[in-house]
Number of protein chains: 2
Amino acid sequence: MARPQAPRGHGRRRVIDAAVELFGEHGVTGTSLQMIADHLGVTKAAVYYQFHAKEDIVLAVLEEALVDLRAFVTAAEAEPSPDEAAMVALRGLVDLMIGHRQVVAALMRDPEVERIMATHDDLNSLVGRLTGLLLGPEPDLRRRIAVSVVGAGVAQAGIDPLLADVDDETLRAELLELGPSMLPRH
Amino acid sequence: MARPQAPRGHGRRRVIDAAVELFGEHGVTGTSLQMIADHLGVTKAAVYYQFHAKEDIVLAVLEEALVDLRAFVTAAEAEPSPDEAAMVALRGLVDLMIGHRQVVAALMRDPEVERIMATHDDLNSLVGRLTGLLLGPEPDLRRRIAVSVVGAGVAQAGIDPLLADVDDETLRAELLELGPSMLPRH
DNA sequence: GTCTATAGATAGATAGAC
DNA sequence: GTCTATCTATCTATAGAC
């Protein structure tokens with residue numbers, strides 16, 4: 001039957017959950033495989049059985065959010081007008097941050113994550129498509145700055161300790177009012 | 001005549017400059033003393049001669065920006081009305097980011113920096129005073145979220161590769177138009 | 001003031017026993 | 001599938017020669 005320590009979530013699932021928690025607290029570079037193993041009460045070798053490299057754990061954590069990201073980027077690109085596409089992308093971005101606050105906190109603040117993403121063309125192009133959607137056609141300087149501010153701001157709002165007491169639904173509603181006001185329609 | 005410390009701009013100054021550059025690229029945790037030493041063409045021991053610990057280098061880099069931060073926080077607190085104080089704080093924040101784009105990039109994205117700051121009460125209280133100025137008296141939820149978004153957004157705008165081609169003056173002017181619109185007067 | 005040398009700990013990763 | 005044991009490389013940091 002079920003073992004006392006390992007809920008049927010399998011090894012990979014437990015490693016990913018532990019990684020999200022530890023990455024969020026110490027960053028990716030600041031989290032060793034030993035820390036993940038200790039957190040799970042197993043040895044490093046047990047972690048290496050599930051993922052043969054640390055980078056694979058980072059990619060698995062990323063994948064948690066990428067499923068949603070791919071979905072709303074594709075949906076946004078199907079919108080008829082650039083304005084509608086940008087709004088769908090912005091809503092998707094807010095939902096993504098809300099739905100994965102821990103993952104965002106874990107990954108948004110480590111250059112190592114950028115390095116890993118840069119080595120995977122599919123991740124690169126996905127981020128490029130999202131940026132393009134938010135920028136719209138022929139963006140002026142103000143638009144570019146607004147996209148930068150909104151993108152970082154939405155992410156920060158999801159992980160800011162100052163807002164830790166705000167529940168998901170309330171935060172989502174507020175961000176969906178604040179965001180569009182900074183990304184006006186053309 | 002012969003100074004016991006900074007001979008000809010060398011020493012601490014060179015270490016700090018190298019640290020800012022490398023921290024920005026690899027993060028604090030991702031930057032080893034060996035990397036700093038190699039960047040300067042010296043040995044690790046030479047770096048340890050200038051700073052007895054890695055944490056001291058981080059603090060020295062932080063100090064670059066803290067001088068300006070202390071100045072405008074104090075100035076803002078001297079403003080008669082909370083609205084004016086918040087605007088002075090926001091302008092100061094924008095100027096700080098613009099004036100220290102590299103330092104911000106180096107330090108804003110590493111949990112290790114937070115840990116170091118958390119162990120220094122003077123840094124903690126300074127950040128607390130800045131946040132208080134931006135929030136104003138009795139901030140509602142919307143204000144709290146806006147402060148979070150603006151704070152992160154301004155920082156991101158200063159380091160975003162998407163905006164690397166924007167010169168300081170232009171970026172400052174745009175942010176000073178964008179920011180206040182998100183932090184309305186009471 | 002800068003170096004060599006090295007300590008002591010820990011990193012990521014692998015091989016093979018059970 | 002999880003372990004012990006181990007490898008190599010690198011980490012921060014120190015002691016002391018030049």
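Please read all numbers here as calculations on a predicted model, not as lab measurements. The sequence lines fix the lettering, A, B, ..., with proteins before strands; numbering per chain opens at 1.
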- B:Asp95/B:Arg91 salt bridge by N-O under 4.0 Å criterion: no
- Under a 4.0 Å N-O cut-off, is there an ion pair linking A:Arg70 with A:Glu63? yes
- Indicate whether OP1 or OP2 belonging to D:dG1 is found under 4.0 Å from a side-chain N or O atom of A:Gln50. no
- Distance (rounded to the nearest 0.5 Å) between B:Asp17 CG and B:His39 NE2: 9.0 Å
- Between P of C:dG1 and NE2 of B:His52, the distance in whole Å: 12 Å
- Task: For A:Ile57 and C:dA11, give me the distance from atom CD1 to atom P, rounded to whole Å.
- Result: 13 Å
- Item | Rounded distance (Å) that lies between atom P of C:dT10 and atom CD1 of A:Ile36 | 17 Å
Please tabulate the protein-to-nucleotide N/O contacts below 3.5 Å involving nucleotides 10-12 of chain D, giving atom names and distances.
residue	atom	partner	partner atom	Å
D:dC11	OP1	B:Ser32	OG	2.9
D:dT12	OP1	B:Lys54	NZ	3.2
D:dT12	OP2	B:Leu33	N	2.9
D:dT12	O4	B:Lys44	NZ	3.1

- Message: So, applying side chain to side chain contact (heavy atoms under 4.5 Å, CB included) with B:Leu69, which one of B:Thr74, B:Leu130, B:Leu123 is it?
- Response: B:Leu130
- Round to a whole Å and report the spacing from OH of B:Tyr49 to C1' of D:dA17. 16 Å
- Task: Send over the distance from A:Leu40 CG to D:dT2 P, rounded to a whole Å.
- Result: 11 Å
- Can you check whether B:Ile57 reaches B:Val47 side chain to side chain, under 4.5 Å on heavy atoms? yes
- Message: With rounding to the nearest 0.5 angstrom, report the OH to CG distance, A:Tyr48 to A:Asp56.
- Response: 10.0 Å
- Query: Of B:Val42 and A:Ala45, whose closest DNA chain C nucleotide lies nearer the 5' terminus?
  - Reply: B:Val42
- Message: Does C:dT2 have its OP1 or OP2 closer than 4.0 Å to a side-chain nitrogen or oxygen of B:Thr43?
- Response: no
- Query: Salt bridge check: are B:Glu64 and B:Arg13 linked by an N-O gap of less than 4.0 Å?
  - Reply: yes
- Rounded to the nearest 0.5 Å, how far apart are CZ of A:Arg101 and CG of A:Leu163? 7.5 Å
- Item | Integer-rounded Å distance: C:dA11 P and A:His26 NE2 | 12 Å
- Message: Rounding to 10°, can you tell me the angle the first-five-pair axis of the helix from C:dG1-D:dC18 to C:dC18-D:dG1 makes with its last-five-pair axis?
- Response: 0°
Acceptor/donor pairs from residues 111-120 of chain A side chains to any protein atom, 3.5 angstrom cut, sequence neighbours excluded:
residue	atom	partner	partner atom	Å
A:Glu112	OE1	A:Arg115	NH1	2.9
A:Glu112	OE2	A:Arg115	NH1	2.6
A:Glu114	OE2	B:Arg109	NH1	3.2
A:Glu114	OE2	B:Arg109	NH2	2.0
A:Arg115	NH2	A:Glu55	OE1	3.4
A:Thr119	OG1	A:Ile116	O	2.6
A:His120	ND1	A:Ile116	O	2.9

